[in-house]
Amino acid sequence: MTLLEDEEFLLVQQKKGRRGAMAGLDMKLNESVCCRRNPPKKSKKEDGNSKASGYSRAPKNNDDGSVYWDLGARKRITVRDFKGSTYVDIREFYEKDGKTLPGKKGISLKAGDWGLLKDMMDDIDHALRSR
């Protein structure tokens with residue numbers, strides 16, 4: 001099923017007068033589908049660093065000096081050094097005692113592996129669109 005077919009299915013489910021268990025979700029689904037089709041226009045003051053999008057392009061620094069970017073509420077992309085090698089770390093974080101700590105879920109890629117992943121991005125995007 002393609003993304004377009006998914007959207008069409010959701011639109012049919014939202015028709016007025018239909019019977020079903022999804023009635024309470026209609027407003028959320030409608031907002032979700034409408035925002036994808038007609039994304040809100042940015043004001044002249046907004047730029048790519050908006051927190052509303054869930055991530056920020058502006059890099060931040062950890063206490064250890066490594067650079068990171070927020071990717072949603074609890075995910076980060078961090079560039080760090082460990083035992084003489086540079087890694088790109090994509091990981092979920094959690095809070096404990098007021099501190100933000102890295103969780104188990106994530107992956108650390110050496111700089112060479114990161115380059116391979118970047119080279120594959122077009123193929124990965126194509127595979128996602130074809131589903």
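These numbers come from a predicted model, not from an experiment.
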Atom pairs and distances, donor-acceptor, side-chain atoms in residues 77-96, under 3.5 Å, two or more places apart:
unit_1	atom_1	unit_2	atom_2	d
R80	NH2	S108	OG	3.2
D81	OD1	T86	OG1	2.8
D89	OD1	R91	NE	3.2
D89	OD1	R91	NH2	3.2
D89	OD1	S108	OG	2.6
D89	OD2	R91	NE	3.2
R91	NH1	G103	O	3.2
R91	NH1	K104	O	3.2

One should read off an interatomic distance between K110 NZ and D113 CG, to the nearest 0.5 angstrom, of 8.0 Å

- Message: Quick check on the hydrophobic clustering: are I107 and L101 connected, directly or via other members, by side-chain heavy-atom contacts under 4.5 Å?
- Response: no

**Report entry** L109 side chain reached by L116 side chain, heavy atoms, under 4.5 Å
**Finding:** no

Do any N or O atoms from the side chain of N62 and from the backbone of D64 form a donor-acceptor pair under 3.5 angstrom? no

